[in-house]
J.: 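Sharing a structure below in structure tokens format, with a few things to ask.
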Amino acid sequence: MWHKVIISVSAIFAISLIFVDSAQLQGHSRGVLNQTRRGICTLEVPTIDLLSPEDRRGAIPRGNGSRTGYSKIEICCSGYEKVPHTHLLCHPVCDHCENGNCTSPGVCQCKRGWIHDDFHGDCIPTCPERCLNGVCTISGSCSCNAGNVLSANGKYCVPHCTGGCGLGGTCTGPEVCTCEAGYALDKKTNKCGYYCEGGCGEGTCIAPNQCSCKSGYKQIGHTCVPDCPRGCHNGECIEPNRCSCKTGWSLDNTGTVCSPHCNQPCLNGDCVAPNKCACKQGYIESPGSINSQTCVAHCPQGCPNGNCAAPNFCICNPGFVKRAKGSNECIRRSKRSVMHMDLIPEAVLKGF
């Protein structure tokens, strides 16, 4: 049984060397890279990841890693990639190396007759064959086209932008500036500068999407807005420490709260919005109220033979009396008697 497992592991191990990209993705989070020879590294991965689903049901081999349950595989090191159709041959990677040879990760050696442009990272032609953005003279030097100037090493010509391109800008053509992300072109100066999305309002853009606000202003999002540190409830802070109310609202004496205005008094309620009342607890909107501006007492069980005079309190009609103290049930009075003042709550007697 063990010899079958070992054969299976060996076969899968060999396959893993071919499909190194997937193994590298699995192993980077759980393994350790150890460089062995140029462009090739070893990576320790869980041995179980190298087994087929069928073999995982049995005993897991110890593996050849530094820890039990881990095995070593070979992959291309960082900065290298696998040469297609090879067992495991890795070569360095360079972002820009046309007309040159990538000798190590990110290092390009230009071919004869070409020179490395440090600014753009490309290999460009130079004298005596030809001169980028210019012509090669009989003396073997570059004569630049209009709008271009000789590079610092005198080997090729580069576009010229008068006064430079400012912050985060690159001269990509004669008097043409291209801005990096987070920077924008000022059409007046033709130079690049910091860019803040939406502008800074009463402030200055000091870095990409970062404003420096004037005194009395604060940054919200990517712009500066007036600051009312004492508050501006239900209103809008239009200037430092100045709160403005919308139509239908009035500023209170503190200058920090906008209160709603109701043209008609809110009987048994509170004005919560322009011409809108909210009934107090124990009261409901009167059926005949205009714009909900009148609230009447509410008795949940109703007042048969009586009227709801206060929240959950009924006053009996003439000829009826309360069945008992605290009751809202009115029953017909059997004989004439004086009013039982003790059955009326103190709050009603006092007019609350």
Side-chain angles (χ1 to χ4, degrees), residues 198 201-202 213 216-221 223-352:
E202 296 295 330
C213 301
Y217 294 82
K218 62 182 179 180
Q219 183 171 347
I220 294 181
T223 189
C224 295
V225 297
D227 184 25
C228 293
R230 295 189 304 154
C232 186
H233 188 62
N234 295 327
E236 181 183 2
C237 187
I238 58 174
E239 292 180 6
N241 286 313
R242 182 183 174 189
C243 185
S244 176
C245 300
K246 299 177 183 178
T247 303
W249 301 74
S250 302
L251 194 65
D252 69 352
N253 295 331
T254 67
T256 62
V257 177
C258 291
S259 301
H261 175 68
C262 292
N263 295 331
Q264 298 296 328
C266 291
L267 184 63
N268 297 320
D270 298 309
C271 186
V272 294
N275 291 321
K276 183 177 180 181
C277 297
C279 296
K280 295 180 179 180
Q281 185 175 2
Y283 293 84
I284 60 173
E285 180 182 343
S286 173
S289 174
I290 300 176
N291 294 329
S292 304
Q293 300 224 317
T294 302
C295 300
V296 295
H298 176 55
C299 295
Q301 303 302 323
C303 288
N305 302 313
N307 294 299
C308 188
N312 200 28
F313 179 78
C314 297
I315 291 182
C316 297
N317 295 333
F320 292 84
V321 294
K322 294 286 183 72
R323 177 180 292 277
K325 186 175 182 178
S327 172
N328 276 335
E329 184 180 356
C330 296
I331 59 175
R332 186 174 295 278
R333 186 166 50 195
S334 58
K335 60 180 180 178
R336 297 180 61 86
S337 65
V338 296
M339 181 179 293
H340 295 280
M341 303 299 291
D342 59 320
L343 297 180
I344 301 178
E346 184 179 352
V348 174
L349 293 175
K350 291 184 178 180
F352 293 132

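Remember, predicted model here, so these are calculated numbers, not experimental data.
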J.: Which atom names give the shortest non-hydrogen contact between P226 and K218, and what distance separates them?
T.: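 Heavy atoms only, the tightest pair is O-CE, 4.4 Å.
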J.: Please lay out, stage by stage, how C308 and C303 fare under the test disulfide bond (SG atoms under 2.5 Å apart).
T.: CA-CA 6 Å; C308 188; C303 288; 4.6 Å; no
J.: Using side-chain contact (heavy atoms from CB on, under 4.5 Å), reason through Y283 and H298 one step at a time and then give a plain yes or no.
T.: CA-CA 5 Å; Y283 293 84; H298 176 55; 5.9 Å; no
J.: To the nearest 0.5 angstrom, please state how far the CG atom of L267 sits from the OG1 atom of T294.
T.: 5.5 Å
J.: Taking atom SG of C232 and atom CG of D227, what is their separation to the nearest 0.5 Å?
T.: 11.0 Å
J.: To check you understand the geometry: which heavy-atom pair defines the closest contact between I220 and V225, and what is its length?
T.: CD1-CG2, 3.6 Å
J.: Between S327 and E329, what is the shortest heavy-atom contact and its length?
T.: OG-N, 3.0 Å
J.: Working to the nearest 0.5 Å, report the span between NE2 of H261 and CH2 of W249.
T.: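 The NE2 atom of H261 sits 12.5 Å away from the CH2 atom of W249.
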J.: Less than 2.5 Å separating the SG atoms of C213 and C224?
T.: yes
J.: For C243 and L251: C-alpha separation, side-chain torsions, deciding distance, then whether side-chain contact (heavy atoms from CB on, under 4.5 Å) applies.
T.: CA-CA 8 Å; C243 185; L251 194 65; 4.1 Å; yes
J.: Does any N or O in the side chain of K322 come within less than 3.5 Å of the main-chain N or O of C314, such that one atom is a donor and the other an acceptor?
T.: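 A pair under 3.5 Å: yes.
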J.: Minimum heavy-atom separation for C330 and G306, please, with both atom names.
T.: SG-CA, 4.4 Å
J.: For the cysteine pair C262 and C271, state whether the SG atoms are less than 2.5 angstrom apart.
T.: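 Answer is yes: C271 pairs with C262 in a disulfide.
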J.: Working to the nearest 0.5 angstrom, can you tell me the gap between Q219 CD and E202 CD?
T.: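 That separation rounds to 14.0 Å.
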J.: Would a distance-only check, ignoring hydrogens and angles, find a side-chain to backbone donor-acceptor pair under 3.5 Å from D252 to T254?
T.: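 Answer holds: yes.
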J.: Going through the distances and angles, do N328 and N312 end up as a side-chain contact (heavy atoms from CB on, under 4.5 Å)?
T.: CA-CA 8 Å; N328 276 335; N312 200 28; 3.4 Å; yes
J.: Begin from the C-alpha positions of C316 and V321 and carry the test side-chain contact (heavy atoms from CB on, under 4.5 Å) through to its verdict.
T.: CA-CA 6 Å; C316 297; V321 294; 5.5 Å; no
J.: Between C266 and C277, is the SG-SG gap less than 2.5 Å?
T.: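 Yes; the two sulfurs sit under 2.5 Å apart.
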J.: With a 4.5 Å cut-off on side-chain heavy atoms, are T256 and H233 touching?
T.: no
J.: Which heavy atom of P311 sits nearest a heavy atom of Q281, and at what distance?
T.: CG-O, 4.5 Å
J.: Would you kindly say whether the two SG atoms, from C245 and from C258, are closer than 2.5 Å?
T.: yes
J.: Please name the pair of heavy atoms, one in A310 and one in A297, separated by the smallest distance, quoted to 0.1 Å.
T.: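 Here A310 and A297 meet closest at C-CB, 3.4 Å.
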